[in-house]
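Each remark here refers to the structure printed beneath this line.
Just so it is clear, the structure is predicted and the values come from calculations on it, not from any experiment.
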There are 2 protein chains.
Amino acid sequence: MKKENISDAVIRRLPRYYRQLTDLCNRGVVRISSHSLGQEMNITASQIRQDFSCFGEFGQQGYGYNVEELKAEIGHILGVDNDHHLIMIGVGNLGHALLQNFPFSQSGFTVDAAFDVSLTVVGTVVNHVPVYAMSELDHFLQEHAVDVVVLTIPQSVAQDTANHLINLGVKGFWNFTNIELSSQLPDVQFENIHFADSLLTLSYRIANR
Amino acid sequence: MKKENISDAVIRRLPRYYRQLTDLCNRGVVRISSHSLGQEMNITASQIRQDFSCFGEFGQQGYGYNVEELKAEIGHILGVDNDHHLIMIGVGNLGHALLQNFPFSQSGFTVDAAFDVSLTVVGTVVNHVPVYAMSELDHFLQEHAVDVVVLTIPQSVAQDTANHLINLGVKGFWNFTNIELSSQLPDVQFENIHFADSLLTLSYRIANR
DNA sequence: TAATTATTGAGAATGATTTAACAAAACAGC
DNA sequence: GCTGTTTTGTTAAATCATTCTCAATAATTA
């Protein structure tokens with residue numbers, strides 16, 4: 001039974017399903033039951049069926065799920081076939097690392113441009129992505145539809161930069177700075193990656209295992 | 001009333017409290033009530049008090065919490081004053097970026113060494129951290145107490161490398177590869193950072209806002 | 001010093017998520 | 001085609017997390 005409001009907990013599990021199904025596909029597995037998928041992923045079969053049932057009926061009784069089909073369905077739900085456009089702001093070490101190694105296209109994203117203040121990187125091309133000066137940003141956004149901005153800039157300028165971009169109509173942010181970005185506007189989406197938070201939870205678990 | 005088993009949800013909020021309190025400290029704020037802290041963080045005062053009460057009584061009725069004191073308490077719970085030792089395996093773009101920009105010491109970690117297969121980085125020193133050849137890893141681990149290994153290596157060698165390290169007694173992993181590392185051993189802790197998962201949840205929310 | 005206000009920590013109530021149970025449907029072997 | 005087995009999607013139960021409420025207590029003010 002399709003649901004109206006999907007909880008965040010479910011949404012955050014979808015990419016993991018997608019990852020596991022991609023792996024199964026590559027291993028040539030054709031069908032899988034919720035039970036075996038659960039064993040591989042270390043979650044209950046019940047939860048898997050409950051999660052999928054939020055979006056439709058993808059399995060067949062007595063058979064299970066067709067791996068390739070299910071992967072396509074979840075990919076579709078996640079929007080990997082949507083051709084999103086993305087730009088990066090800040091081409092330091094981390095920005096460079098992402099441009100060179102992160103498989104944006106596998107998630108349905110095209111990286112159209114990068115921007116930086118430093119004259120040593122402006123004018124270069126990193127893995128087919130041209131790096132422009134910050135002064136060209138406003139004009140670029142007027143000319144191009146941009147779905148997501150990756151923020152790999154220093155913390156000090158993060159909220160100001162975000163505010164500026166929101167005013168220019170940007171609706172999605174992938175934020176790597178160590179502050180909690182937010183906006184009053186309800187249709188602006190932030191996804192924050194806090195390296196330090198992650199390391200601190202590990203620190204806690206090591207101290208309290 | 002101190003609790004025995006702290007839920008994961010609570011633990012994952014602790015670093016955010018710590019971050020916010022650090023910010024308040026820097027702004028010179030001396031005391032704060034659960035109510036105002038909640039307003040700043042966009043969570044209920046109730047949840048804050050409930051969370052803190054898992055670990056003890058840090059506030060005072062009619063007054064609130066002393067910011068500096070509370071920060072120290074939460075830092076202590078997270079183990080930032082524990083002097084953890086850490087090594088990195090894989091000094092590509094991402095490894096480089098972390099070594100140069102990530103403030104390990106702020107989370108209580110000292111980076112003792114890095115390891116890589118590439119002869120172009122072996123022998124170099126990145127931000128005071130010496131890079132050794134992989135062949136020296138086993139010997140290094142025999143000589144040094146290492147709490148956490150950062151894995152910034154290609155996916156293809158991730159699980160094998162992790163297994164090898166587990167056999168050598170490593171109990172903590174900060175994993176940046178795109179696979180879900182795991183171990184049968186219950187006292188081995190993994191903290192996985194999946195960039196792709198994060199971007200895909202953003203993709204979902206953009207498509208379904 | 002007494003009255004008023006602010007605020008915590010704890011327990012109860014509510015809400016959300018996860019797990020269990022099961023009828024219905026499809027498959028597999030004979 | 002019949003019989004037993006597998007496995008789904010859904011409903012119900014159990015568990016877990018969050019929010020509400022309030023007595024207790026400290027600070028502040030008059």
Side-chain angles (χ1 to χ4, degrees), chain A residues 1-17 20-21 24 29-74 77 197 201 204-205, chain B residues 1-17 20-21 24 29-74 77 201 204:
Chain A
M1 183 185 48
K2 273 201 183 187
K3 270 176 89 177
E4 260 323 288
N5 276 45
I6 315 291
S7 82
D8 199 57
V10 174
I11 293 164
R12 296 217 164 261
R13 278 193 293 271
L14 291 180
R16 244 193 102 202
Y17 291 131
Q20 186 70 37
L21 289 163
L24 287 164
V29 178
V30 174
R31 61 179 261 197
I32 195 160
S33 67
S34 57
H35 186 74
S36 1
L37 184 57
Q39 282 204 316
E40 294 209 28
M41 297 184 66
N42 227 37
I43 52 183
T44 64
S46 230
Q47 176 157 77
I48 291 172
R49 295 204 298 276
Q50 189 83 244
D51 283 352
F52 292 171
S53 77
C54 295
F55 303 100
E57 308 186 3
F58 307 129
Q60 206 159 25
Q61 282 143 325
Y63 177 87
Y65 301 88
N66 178 289
V67 173
E68 208 166 333
E69 203 180 298
L70 184 59
K71 183 196 163 189
E73 290 282 4
I74 293 183
I77 294 163
D197 288 17
T201 61
Y204 173 87
R205 296 210 305 272
Chain B
M1 181 186 49
K2 274 201 183 187
K3 269 176 89 178
E4 258 324 287
N5 276 43
I6 315 292
S7 82
D8 199 55
V10 175
I11 294 165
R12 297 218 163 259
R13 277 192 295 269
L14 291 181
R16 245 193 100 202
Y17 291 129
Q20 187 69 35
L21 289 164
L24 286 165
V29 178
V30 173
R31 62 178 259 196
I32 196 162
S33 68
S34 57
H35 185 74
S36 3
L37 185 57
Q39 281 204 318
E40 294 210 29
M41 297 183 66
N42 227 38
I43 53 183
T44 64
S46 232
Q47 176 156 77
I48 290 172
R49 295 204 299 276
Q50 189 82 230
D51 282 353
F52 292 171
S53 77
C54 295
F55 303 101
E57 308 186 5
F58 307 130
Q60 204 160 25
Q61 282 142 326
Y63 176 87
Y65 301 88
N66 176 290
V67 173
E68 207 166 336
E69 201 180 299
L70 183 59
K71 184 197 163 190
E73 289 282 4
I74 294 182
I77 293 163
T201 62
Y204 173 88

Rounded to the nearest angstrom, tell me the gap between atom [atom1] in [X] and atom [atom2] in [N].
X: Phe52(A); N: dT8(D); atom1: CZ; atom2: P; answer: 10 Å
X: Leu37(A); N: dT7(D); atom1: CG; atom2: C1'; answer: 13 Å
X: Lys3(A); N: dT10(D); atom1: NZ; atom2: P; answer: 12 Å
X: Asn66(A); N: dA26(C); atom1: CG; atom2: P; answer: 16 Å
X: Arg13(A); N: dT18(C); atom1: CZ; atom2: C1'; answer: 8 Å
X: Gln39(B); N: dT7(C); atom1: CD; atom2: P; answer: 11 Å

Under 4.0 Å, counting only non-hydrogen atoms across every strand here, what does [X] touch: a base, just sugar-phosphate, or nothing?
X: Tyr65(B); value: sugar-phosphate
X: Thr44(B); value: sugar-phosphate
X: Ser46(A); value: base

Check your understanding: Has the side chain of Gln61(B) got a donor or acceptor atom sitting under 3.5 Å from an opposite partner on the base of dT7(C)?
Key -> no

Review point. Hey, does the side chain of Arg16(A) reach the backbone of Met41(A) with a donor-acceptor pair shorter than 3.5 angstrom?
Key: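 Pair found, side chain donor or acceptor close to backbone of Met41(A).
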
Can you see if the side chain of [X] gets near the phosphate of [N] - specifically, an N or O under 4.0 Å from OP1 or OP2?
X: Gln50(A); N: dT17(C); answer: no
X: Arg49(B); N: dG9(C); answer: no
X: Ser53(A); N: dG9(D); answer: no
X: Ser7(A); N: dT17(C); answer: yes
X: Gln60(A); N: dT8(D); answer: no

Point to revise | Candidates dG9(C), dT8(C), dT7(D) - which lies nearest the side chain of Ser33(B) | key: dT8(C)

Practice item. Identify which nucleotide among dA28(C), dA27(D), dA12(D) has an atom closest to any side-chain atom of Arg31(A), counting heavy atoms from C-beta outward. Key: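 Of all the options, the side chain of Arg31(A) is nearest to dA28(C).
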
